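Bear in mind the structure is a predicted one, so any value in this text is a computation, not a measurement.
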Amino acid sequence: EAQVTQNPRYLITVTGKKLTVTCSQNMNHEYMSWYRQDPGLGLRQIYYSMNVEVTDKGDVPEGYKVSRKEKRNFPLILESPSPNQTSLYFCASSLSVEGTQYFGPGTRLTVL
Amino acid sequence: GDSVTQMEGPVTLSEEAFLTINCTYTATGYPSLFWYVQYPGEGLQLLLKATKADDKGSNKGFEATYRKETTSFHLEKGSVQVSDSAVYFCALNSGYSTLTFGKGTMLLVSP
């Protein structure tokens, strides 16, 4: 089944404790992206990747890192999480930058 | 820059009522337009899309027409069901780097 998977689905952590949210797609998509969803703000893009080893900042990249070492995986790294990063995070992928994006199920992160 | 404006919710309807959720956009060039739906506790799913002016996207009884002259992509359904209760997001893609989303409109349908 074609899908985008994210892990973990739920995470509660404390300020400053490094964490990684994994994202994987099995559709051989070139384009991958991370979004955060906050009440009243909709979805905002954090980072995106056009292909392996090619990443770029979205609208709200501060406090996040990403890497794209393999085509299928696009992990989101929070090196020193803070409470303002408490949010619902979505990974998405598409065949190309213009193509329809397919979303993962989301990761709900709480930073205490 | 690109932007999407959609009507604020929640939109509250009775079953079988007619639905319209307004969406207007500003963008450079000729963007593709999308409606995504988010059911409670789930990720976003593509509902329908249109890639050029006057195209009509449709799926599951929902429709939206790409109107370049009014820069709009309003979502409509003739008869909503309780199972349509969800958050609906209008979005555009100018083909450069990102999907630009509206803030979402919650739809609540009561029996």
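Between the OG1 atom of A:T100 and the NZ atom of B:K49 there is a distance of 3.0 Å, given to the nearest 0.5 Å. For the atom pair OG of A:S94 and CG of B:L46, the computed distance is 11.5 Å after rounding to the nearest 0.5 Å. Interatomic distance, CD of B:E42 versus CZ of A:F103, reported as 14.0 Å (0.5 Å rounding). Taken to the nearest 0.5 Å, the CD atom of B:Q45 stands 11.5 Å off from the OH atom of A:Y102. Rounding to the nearest 0.5 angstrom, the gap separating the OH atom in A:Y48 from the CG atom in B:L99 is 12.5 Å.
Smallest separation of non-hydrogen atoms from B:F89 and A:Q37: CZ-NE2, 3.2 Å.
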message = Could you go through B:L44 and A:L43, starting from their C-alpha distance and side-chain angles, then the distance that decides it, and tell me whether this counts as side chain to side chain contact (heavy atoms under 4.5 Å, CB included)?
response = CA-CA 10 Å; B:L44 278 76; A:L43 280 88; 4.1 Å; yes
request  = Take A:L88 and B:Q38 through the test side chain to side chain contact (heavy atoms under 4.5 Å, CB included) and record every step on the way to the result.
outcome  = CA-CA 13 Å; A:L88 180 58; B:Q38 184 180 30; 4.2 Å; yes
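More than 12 heavy-atom neighbours from other residues, nucleotides or ligands sit within 6.0 angstrom of OH on B:Y39. Surrounding NZ of B:K68 are more than 12 heavy atoms belonging to other residues, nucleotides or ligands, all under 6.0 Å away. Atom NZ of B:K77 sits in a crowded spot, with more than 12 heavy atoms from other residues, nucleotides or ligands closer than 6.0 Å. Other residues, nucleotides and ligands place no more than 12 heavy atoms under 6.0 Å from the CD1 atom of A:I12. Dense packing is recorded around CD of B:E15, with more than 12 heavy atoms of other residues, nucleotides or ligands lying under 6.0 Å away.
Contacts between A:Q6 and chain B at a heavy-atom distance below 4.5 Å are absent for every atom of the residue. In this structure, chain B has no heavy atom under 4.5 Å from any part of A:R44.
Tracing side-chain contacts under 4.5 Å through hydrophobic residues (I, L, V, M, F, W, Y), one never reaches A:V52 starting from A:W34; they form parts of separate clusters. Using a 4.5 Å cut-off between side-chain heavy atoms of Ile, Leu, Val, Met, Phe, Trp and Tyr, with links allowed through other members, B:L92 and B:V37 fall into the same hydrophobic cluster. Both B:L33 and B:F62 belong to a single network of hydrophobic side chains, linked directly or stepwise wherever heavy atoms of I, L, V, M, F, W or Y lie under 4.5 Å apart.
Without hydrogens or angle criteria, B:Y36 side chain to A:Q101 main chain gives a donor-acceptor distance under 3.5 Å.
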